[in-house]
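Written out below as structure tokens is the structure these notes cover.
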Amino acid sequence: MPPAAPKFDFSVLRTLREQHELTLAALSEASGVSVGVISKLERNQQSAELDTLYRLARAFGLSATDLLALCESELVHRTAEKAYRSGDFKFRQVKYANVVAHLGSAPAGAKVNRPEIHHDDTEVCWVTAGRIRVTLPHETVELGAGESIQFDAIQQHAYETLADSDFVILHLRKDKRY
């Protein structure tokens with residue numbers, strides 16, 4: 001039986017270090033982590049303590065969480081789509097922790113207004129075929145094929161298809177506000 005793959009691959013530190021054009025000594029100085037520890041991490045000969053991850057992440061302008069995610073051995077996260085309807089709108093949805101993508105279609109004249117499904121997200125609407133009207137509190141926008149908008153999804157908003165339409169809606173989790 002082959003040995004189990006490590007849960008984290010810290011060799012990504014070397015890639016980041018080279019992208020930032022840092023030597024081991026320069027990264028050590030920027031992070032406060034010793035050259036020996038960084039070298040062992042880059043060769044996957046040592047695991048990192050949380051404080052070490054935090055200090056290294058800050059040297060690259062990342063959060064410890066982002067750096068740890070980059071180090072996860074499994075870099076691809078797979079999910080299966082779910083289909084659902086909202087009125088005359090048909091959606092195929094894939095969902096991850098930081099983004100929910102909705103591939104939608106609707107016939108001309110369909111309307112939907114479901115702000116209850118939103119959290120504090122940024123929403124992107126990209127029309128791939130047809131024409132859609134998006135109504136926001138102080139603005140109404142009409143989009144044709146190839147056009148998109150982005151707005152704060154916490155605002156009341158509604159979609160109306162002006163022609164048979166295909167579109168993509170993304171709900172992007174906002175970064176921490178503080």
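Any value given below was found using the heavy atoms of this structure, including those in side chains, with hydrogens, waters and symmetry copies removed.
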| said: Using a 3.5 Å distance criterion without hydrogens, assess whether the side chain of Ser165 forms a donor-acceptor pair with backbone atoms of Ala106. | reply: no

| query | Quick one: ring-ring contact (aromatic ring centres under 6.0 Å, His included) pairs with a partner in residues 131-152, sequence neighbours left out? | reply | Phe151-His157

| message | Is it true that, when you exclude Glu21 itself, more than 12 heavy atoms of the residues, nucleotides or ligands shown sit nearer than 6.0 Å to its CD? | response | no

| message | Under the ring-ring contact (aromatic ring centres under 6.0 Å, His included) definition, can you give me all pairs with a residue in residues 23-44, not counting sequence neighbours? | response | none

| said: Membership question, hydrophobic clusters at under 4.5 Å side-chain separation (ILVMFWY): are Val35 and Val37 in the same one? | reply: yes

| query | If we only count heavy atoms from C-beta on, is the Leu172 to Asp121 side-chain gap below 4.5 Å? | reply | no

| note | So CG of Leu41 and SG of Cys71: to nearest 0.5 Å the spacing works out to 8.5 Å

| field | Residues Asn113, Gln156; criterion side-chain contact (heavy atoms from CB on, under 4.5 Å); working and verdict | value | CA-CA 8 Å; Asn113 179 7; Gln156 185 79 13; 3.2 Å; yes

| Under a 4.5 Å side-chain heavy-atom rule over Ile, Leu, Val, Met, Phe, Trp and Tyr, are Leu53 and Val12 clustered together? | yes

| ring pair (Phe, Tyr, Trp, His ring centres under 6.0 Å) involving Phe167 - partner list, sequence neighbours excluded | Phe89, Phe91

| query | Are Leu170 and Tyr159 joined in one hydrophobic group, where the rule is that I, L, V, M, F, W and Y side chains link up if heavy atoms are under 4.5 Å apart? | reply | no

| said: Among residues at least two apart in sequence or on other chains, which ones pass ring pair (Phe, Tyr, Trp, His ring centres under 6.0 Å) with Phe8? | reply: none

| request: Sequence neighbours left out, what passes salt bridge (Lys or Arg N to Asp or Glu O under 4.0 Å) with Arg133? Give chain and number order. | output: Glu142, Glu160

| request: State, to 0.1 Å, how close Gly144 and Val127 come at their nearest heavy-atom pair, and which atoms those are. | output: O-CB, 3.5 Å

| remark: Heavy-atom closest pair (Ala59 atom, Leu27 atom, distance to 0.1 Å) is CB-CD1, 3.7 Å

| query | Do Tyr96 and Tyr84 share a hydrophobic cluster, counting only Ile, Leu, Val, Met, Phe, Trp and Tyr and linking them when any side-chain heavy atoms are less than 4.5 Å apart? | reply | no

| field | From CZ (Phe60) to CG (Leu13), nearest 0.5 Å | value | 6.0 Å

| remark: In this structure, CD1 of Ile132 is separated from SG of Cys125 (nearest 0.5 Å) by 5.0 Å

| request: Return yes if some donor-acceptor pair links the side-chain N/O of Asp152 with the main-chain N/O of Thr122 below 3.5 Å, else return no. | output: no

| task | Calculate, to the nearest 0.5 Å, the distance between atoms CD1 and CZ belonging to Ile38 and Arg43 respectively. | result | 12.0 Å

| note | Contacts satisfying side chain to side chain donor-acceptor pair (under 3.5 Å) that involve residues 26-36 (not counting sequence neighbours) are none

| Shared ILVMFWY cluster between Val99 and Val124, side chains joined below 4.5 angstrom? | yes

| message | Once salt bridge (Lys or Arg N to Asp or Glu O under 4.0 Å) is applied, what residue pairs with a partner in residues 52-63 remain, sequence neighbours excluded? | response | Asp51-Arg55

| request: Mind listing the closest non-hydrogen atom pair of Ala145 and Ala129 along with its distance? | output: CB-CA, 4.0 Å

| remark: Interatomic distance, CG@Leu16 vs CG@Leu70, rounded to 0.5 Å, equals 6.0 Å

| query | How many angstroms lie between atom OG1 of Thr161 and atom CG of Leu143, to the nearest 0.5 angstrom? | reply | 12.5 Å

| request: Could you name each residue pair satisfying salt bridge (Lys or Arg N to Asp or Glu O under 4.0 Å) that touches residues 90-111, not counting sequence neighbours? | output: Glu81-Arg92

| query | By salt bridge (Lys or Arg N to Asp or Glu O under 4.0 Å), which residues pair with Asp9, not counting sequence neighbours? | reply | none

| message | Restricting to side chain to side chain donor-acceptor pair (under 3.5 Å), what partner residues turn up for Ser63, sequence neighbours left out? | response | Asp66

| query | Which residues pass the salt bridge (Lys or Arg N to Asp or Glu O under 4.0 Å) test with Arg14, sequence neighbours left out? | reply | Glu42

| query | Can you pull the ring-ring contact (aromatic ring centres under 6.0 Å, His included) pairs that have at least one residue in residues 30-57, sequence neighbours excluded? | reply | none

| said: Minimum heavy-atom separation for Val112 and Ser86, please, with both atom names. | reply: CG2-OG, 3.1 Å

| Heavy-atom pair with the smallest gap, counting every atom of Ser47 and Phe10 | CA-CE1, 4.1 Å

